2 protein chains.
Amino acid sequence: MEEQKKKILLVEDDPNFGTVLKDYLMMNDYDVVHAKNGMEGFEKFKKGDFDLCILDVMMPYKDGFTLAKEIREKNTDIPIVFLTAKAMKEDVLKGYKVGADDYLNKPFDSEVLLMKIKAIIQRKATETISDSKQFEFKIGGFDLNSKLRFLRYKGGDPIKLSPKENELLRLLALHENDLMPRELALTKIWRDDNYFTSRSMDVYIAKLRKYLKLDDKVEILNIHGEGFRLVVN
Amino acid sequence: MEEQKKKILLVEDDPNFGTVLKDYLMMNDYDVVHAKNGMEGFEKFKKGDFDLCILDVMMPYKDGFTLAKEIREKNTDIPIVFLTAKAMKEDVLKGYKVGADDYLNKPFDSEVLLMKIKAIIQRKATETISDSKQFEFKIGGFDLNSKLRFLRYKGGDPIKLSPKENELLRLLALHENDLMPRELALTKIWRDDNYFTSRSMDVYIAKLRKYLKLDDKVEILNIHGEGFRLVVN
DNA sequence: ATATTTGTTAATGTAAGGTTAAAAGTAAGA
DNA sequence: TCTTACTTTTAACCTTACATTAACAAATAT
């Protein structure tokens with residue numbers, strides 16, 4: 001399974017410093033989106049699904065604190081780190097008041113920043129484990145537990161599913177009896193829609209069909225050119 | 001309902017500074033225990049049930065880092081803040097490696113310290129509700145006492161567990177029959193998620209499996225790419 | 001009919017996990 | 001201080017799991 005890079009939103013108006021910092025973070029295996037001001041920062045924040053925000057305090061139009069407040073309204077949990085040139089006590093206090101997780105005075109050491117980022121993201125990672133998406137499905141005589149990745153027929157021995165099998169069956173189950181568009185699975189699971197990923201998906205459909213043979217009331221139908229349909233009679 | 005004061009362990013060898021800081025914190029509604037050196041700090045830590053530790057780095061006999069490591073062996077969750085006179089980068093990095101939550105260079109502003117304490121304790125308050133106080137488990141025919149670090153099968157001779165064995169088994173037990181994500185163990189126990197810590201974890205899984213062989217109803221299953229599952233049949 | 005899409009099986013390459021042993025690091029006793 | 005016992009990390013090697021690609025057959029659309 002592919003390692004998922006952590007996503008960082010960096011809002012910094014100084015183009016030189018911002019670019020350098022972005023490159024440095026990307027070199028260290030983070031996925032970085034760089035916004036040049038508070039306004040743009042908020043727009044990008046709404047679109048992306050970030051693990052951490054790094055905000056410059058002093059920016060034209062919308063300063064870091066204001067932006068932080070807006071971000072907090074949308075998301076109470078996401079860690080925020082402020083960058084600031086001046087080491088003003090009032091600023092530090094203000095930062096903590098809007099829920100900062102940390103604070104760095106420029107110029108700061110890049111290794112220290114890296115450590116802080118790591119510490120903060122790890123902290124959050126341990127909290128946010130039990131996010132309750134939908135993990136359990138009944139499909140005819142089958143039970144699908146997509147957190148533990150197994151499929152069981154009528155209380156028999158569980159069939160272990162590979163990550164792709166699991167995700168694909170889960171998507172089909174979410175659309176039970178309805179069309180599950182090819183494109184949806186490809187973009188959600190394979191993150192790319194091309195000839196090869198499409199062939200790959202067909203291979204997985206074949207595998208799922210083999211498993212589902214146990215119950216002849218359950219089948220995966222193809223809708224030519226559209227996608228697949230998990231039907232339960 | 002009566003509001004419970006948060007308990008802080010302050011380890012600081014400078015008697016003047018230590019006393020002033022202690023008084024300041026107590027004035028701000030914290031319950032503070034002041035230890036004058038690392039040794040005393042560890043003794044007091046074992047006795048009290050603290051919400052936060054503030055450790056001076058430079059102390060005679062036992063420095064703050066060593067003390068932090070000892071504290072971490074007893075408790076992986078408790079927040080630690082370091083105080084230091086010198087703003088050495090190496091020290092900061094070392095601090096984060098032993099799992100510091102924050103870092104303050106003397107002289108620091110007392111209001112800033114207060115804010116940080118507040119932020120850190122609040123952070124922990126949200127995560128540490130259910131699992132941190134659980135130290136005794138029944139796992140099939142086994143009893144795990146993870147405070148005393150031993151595992152006993154059907155009242156037989158206790159098997160002594162090393163700190164890592166113990167923490168890992170405890171995490172698995174907390175998630176009994178459910179997924180215990182690799183990432184969780186690595187970040188909580190090893191404080192880093194990389195190739196080597198991951199391999200190290202596998203070694204410990206092997207050790208635990210050897211212990212658990214005594215009861216063939218208990219086993220640790222792998223979920224490829226996700227983590228492990230302690231199952232009791 | 002013939003191009004396109006889908007079905008299925010097999011082959012291949014890579015990543016993850018299992019196991020054991022050696023090396024390195026620590027703690028405590030002699 | 002040296003020794004010994006013990007914990008943890010690093011390394012090596014092996015096995016298993018998975019995803020992709022290829023190849024070819026079958027179905028479907030134009």
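Here the structure is a predicted model, which is why all the values come from computation and not from measurement.
For the side chain to side chain donor-acceptor pair (under 3.5 Å) criterion with R182(A), the lone passing option out of T187(A), D202(A), T197(A), N222(A) is D202(A).
Consecutive pairing runs in DNA chain D reach the stem threshold at C:1-30 with D:1-30, where a stem means at least three Watson-Crick or G-U wobble pairs with distances under 3.5 Å.
Distance from the side chain of K210(B) is smallest to dT20(C) among dA16(C), dG7(C), dT20(C). Proximity note for K164(B) (side chain, C-beta onward) versus dG7(C), dT21(D), dT9(D): the nearest is dT9(D). Of the candidate nucleotides dT21(D), dT28(D), dG7(C), dT21(D) has the atom nearest to the side chain of S200(A). Set against dT20(D), dT19(C), dT9(D), the side chain of Y204(A) has dT20(D) as its closest nucleotide.
Straight-line distance from the CD1 atom of I223(A) to the C1' atom of dA29(D): 16 Å, rounded to whole Å. For the pair E70(B) CD and dA28(C) C1', the interatomic distance rounds to 14 Å; values are reported in whole Å. Atom CD1 of I205(A) is separated from atom C1' of dT5(C) by 14 Å (rounded to the nearest Å). As a whole-Å value, the separation of E226(A) CD from dT5(C) P is 12 Å. The separation between E219(B) atom CD and dG18(C) atom P is 12 Å, rounded to whole Å. Protein atom CG of L186(B) is 13 Å distant from nucleotide atom C1' of dG17(C), rounded to whole Å. Atom P of nucleotide dA27(D) and atom CD1 of I220(A) are separated by 18 Å, given to the nearest angstrom. Whole-Å rounding puts the I159(A) CD1 to dA17(D) P distance at 15 Å.
No more than 12 heavy atoms of other residues, nucleotides or ligands lie within 6.0 Å of NZ in K210(A), so this atom counts as exposed by the packing criterion. Around NZ of K118(B), the count of heavy atoms belonging to other residues, nucleotides or ligands within 6.0 Å does not exceed 12.
Note: E165(B) CD to L168(B) CG = 9.0 Å, rounded to the nearest 0.5 Å.
Comparing E73(B) and V203(B) by the nucleotide of DNA chain C whose heavy atom lies nearest to each, the residue mapping closer to the 5' end is V203(B).
Listed pair R149(B) / dT7(D) fails the phosphate criterion, with no side-chain N or O lying under 4.0 Å from OP1 or OP2. For the pair K207(B) and dT7(D), the criterion of a side-chain N or O lying under 4.0 Å from OP1 or OP2 is not met. Side-chain N/O atoms of S162(B) include one lying less than 4.0 angstrom from OP1 or OP2 on dT8(D). In this model, the phosphate group of dT9(D) is approached by a side-chain N or O of W190(B) to a distance below 4.0 Å at OP1 or OP2.
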| field | Working for salt bridge (charged side-chain N to carboxylate O under 4.0 Å, His left out), residues E40(B) and K44(B) | value | CA-CA 6 Å; E40(B) 191 192 337; K44(B) 297 212 160 143; 2.7 Å; yes

| task | Check the pair K154(A), D215(A) against salt bridge (charged side-chain N to carboxylate O under 4.0 Å, His left out), reporting the backbone distance first and the verdict last. | result | CA-CA 9 Å; K154(A) 304 247 192 208; D215(A) 185 340; 5.8 Å; no

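Across all strands shown, Y195(A) has no heavy atoms under 4.0 Å from either base or sugar-phosphate atoms. At the heavy-atom level, N222(B) lies under 4.0 Å from the strands shown only through sugar-phosphate atoms.
One N or O donor and one acceptor, one from the side chain of R199(B) and one from the base of dG18(C), sit under 3.5 Å apart.
Under the 6.0 Å distance and 45° angle rule, K147(B) counts as a cation-pi partner of F135(B).
Aromatic ring pairs are classed by plane angle as parallel below 30°, tilted from 30° to 60° and perpendicular above 60°; the pair F45(B) and F50(B) is parallel.
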